[in-house]
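Here the structure comes first, spelled out in structure tokens, and everything after it is commentary.
What you see is a predicted model; the values in this text were computed from it and never measured. Remember, it's 1-based here, ligands and their atoms both numbered in the order they're listed.
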Amino acid sequence: MSLPQLRPRRSCLYAPGANAKALAKARELAADVLLFDLEDAVAPEAKIEARGAVIGALKGGGFGRKEALARINALSTPWGGDDIAGLAEAAPAGLLAPKVNSGEDVLALDELMSEAGYAPSCALWVMIETPLALLNIKEIAAASKRTRLAAFVMGTNDLAKDLRARQTGDRAAFQFALSVTVAAARAYGLVAVDGVYNDIPNTEGFIDVCRQGVTLGFDGKTLIHPSQIEPCNALFAPSAAEVEEARAVIAAFAASENAGKGVLKVNGKMTELLHLDEAKRLVAVSEMIEGAA
Ligand code: COA
Ligand code: MG
């Protein structure tokens, strides 16, 4: 329907809906996005109370520049439909839906959101975390043309379980899933957010997988602990060198002596018009991050 608004989504922190302390603390943290979770982080017996707590946290506001979303339960569970209906009054920035398998699933979620009275500006983000979602990824992404779908979030823990894959440091088993998800996101103008890293004290390992995510083209990463925010923000922000290079590309194409040219040499590198859009996007995101700092 509409392109997701350009803004930094480097760090997307999950906070369990059943953990009042985490919900309150999340407000103070420097994540770009908060994902208040009603799904995997909440036990079945705590689902309804957690929904109430998340509605309360969202209504309480005070998120500053952060986007606050809620992750709902799947529609195939006893809670998914009521999550959508109940959260409408709390006006989250969006809903994150798990276990999406097809374009039809996206249409169904979008329809339920419209019926429940969500503003058109309230986005739908979906988890890519099932083998079927990988096989149907184009159809899922294409559903964004008719719906409020705005972002893909990798669910690597669920994928590992369903694929019977091993979670190694190099994420060898996930390269196809990660790449095909970024490709589909880019083809349809969606945001792409990488999966979580479970080993909280292992900062080195975390930095390695953040770098992998950046290399693959992800906009940011989902996080499970406050200690992961700072390194993630730093690694997913355009580096000073990248911004400098992007500014040089923009300046070169704007120079009167280069008017009408499609290809130039900038700092010794072949630079084509195709690099200009990405340079402009990178500078814009960097300025937003600087402005927020
Ligand atoms: N969001 C906000 N605050 C969090 C947080 C989170 N995800 N994880 C921890 N905190 C807070 C704790 O409440 C604690 O606050 P305090 O200093 O005011 O007491 C502080 O950060 C330090 O937490 P720590 O003691 O190191 O961790 P923990 O043992 O309390 O919690 C987890 C560990 C894994 C249970 C917790 O980090 C968590 O629930 N993470 C999110 C899990 C999730 O949502 N999973 C679903 C998606 S995969
Ligand atoms: Mg999950």
Passing option when D219 is tested against R186, R9, R10 for salt bridge (charged side-chain N to carboxylate O under 4.0 Å, His left out):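 So, applying the salt bridge (charged side-chain N to carboxylate O under 4.0 Å, His left out) to D219 and each of R186, R9, R10, only R186 qualifies.
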
Working for side chain to side chain donor-acceptor pair (under 3.5 Å), residues N233 and S11: CA-CA 6 Å; N233 279 345; S11 48; 2.6 Å; yes

Looking only at protein heavy atoms, which one is nearest to [atom], and what is the separation?
| atom | value |
| --- | --- |
| atom 46 (C) of ligand 1 | D37 OD2, 3.4 Å |
| atom 39 (O) of ligand 1 | P16 CG, 3.2 Å |
| atom 26 (O) of ligand 1 | H225 NE2, 2.7 Å |
| atom 34 (C) of ligand 1 | I200 CD1, 3.8 Å |
| atom 12 (C) of ligand 1 | K25 CD, 4.4 Å |

Any N or O of N19 closer than 3.5 Å to N or O of ligand 1: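 No, there is no polar N/O contact under 3.5 Å.
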
Region of M127 that comes within reach of ligand 1 [heavy atoms, distance under 4.0 Å]: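 Neither; no heavy atom under 4.0 Å.
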
Location of contacts on N157 toward ligand 1, heavy atoms closer than 4.0 Å: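 Near ligand 1, N157 shows nothing, with every heavy atom at 4.0 Å or more.
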
Sub-4.0 Å heavy-atom contact, D40 with ligand 1: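 No.
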
Non-hydrogen atom of E39 closer than 4.0 Å to ligand 1: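 Judged by the 4.0 Å heavy-atom criterion, E39 does not count as contacting ligand 1.
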
Electrostatic pair K66:D32 at N-O distance under 4.0 angstrom: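 D32 and K66: not salt-bridged.
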
Heavy-atom protein neighbour under 4.0 angstrom from atom 29 (O) of ligand 1: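 So atom 29 (O) of ligand 1 lacks protein heavy-atom neighbours under 4.0 Å.
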
Atom 32 (C) of ligand 1 touched by protein (heavy atom, under 4.0 Å):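 False for atom 32 (C) of ligand 1.
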
Nearest-0.5 Å distance that lies between atom CG in L159 and atom NZ in K161: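 Rounded to the nearest 0.5 Å, the CG-NZ separation comes to 10.0 Å.
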
D170 side chain to Q212 side chain, donor-acceptor N/O pair below 3.5 angstrom: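 Result is no, nothing qualifies.
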
Y14 and D40: side chain donor to acceptor below 3.5 Å: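 Looking only at side-chain atoms, D40 and Y14 do not form any donor-acceptor pair under 3.5 Å.
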
N/O/S from E39 sitting under 2.8 Å away from the Mg ion (ligand 2):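 Checking E39: none of its N, O or S atoms is under 2.8 Å.
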
Atom CD of E244 with >12 non-hydrogen neighbours under 6.0 angstrom: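 Counting neighbours around CD of E244, 12 or fewer heavy atoms of other residues, nucleotides or ligands fall under 6.0 Å, so no.
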
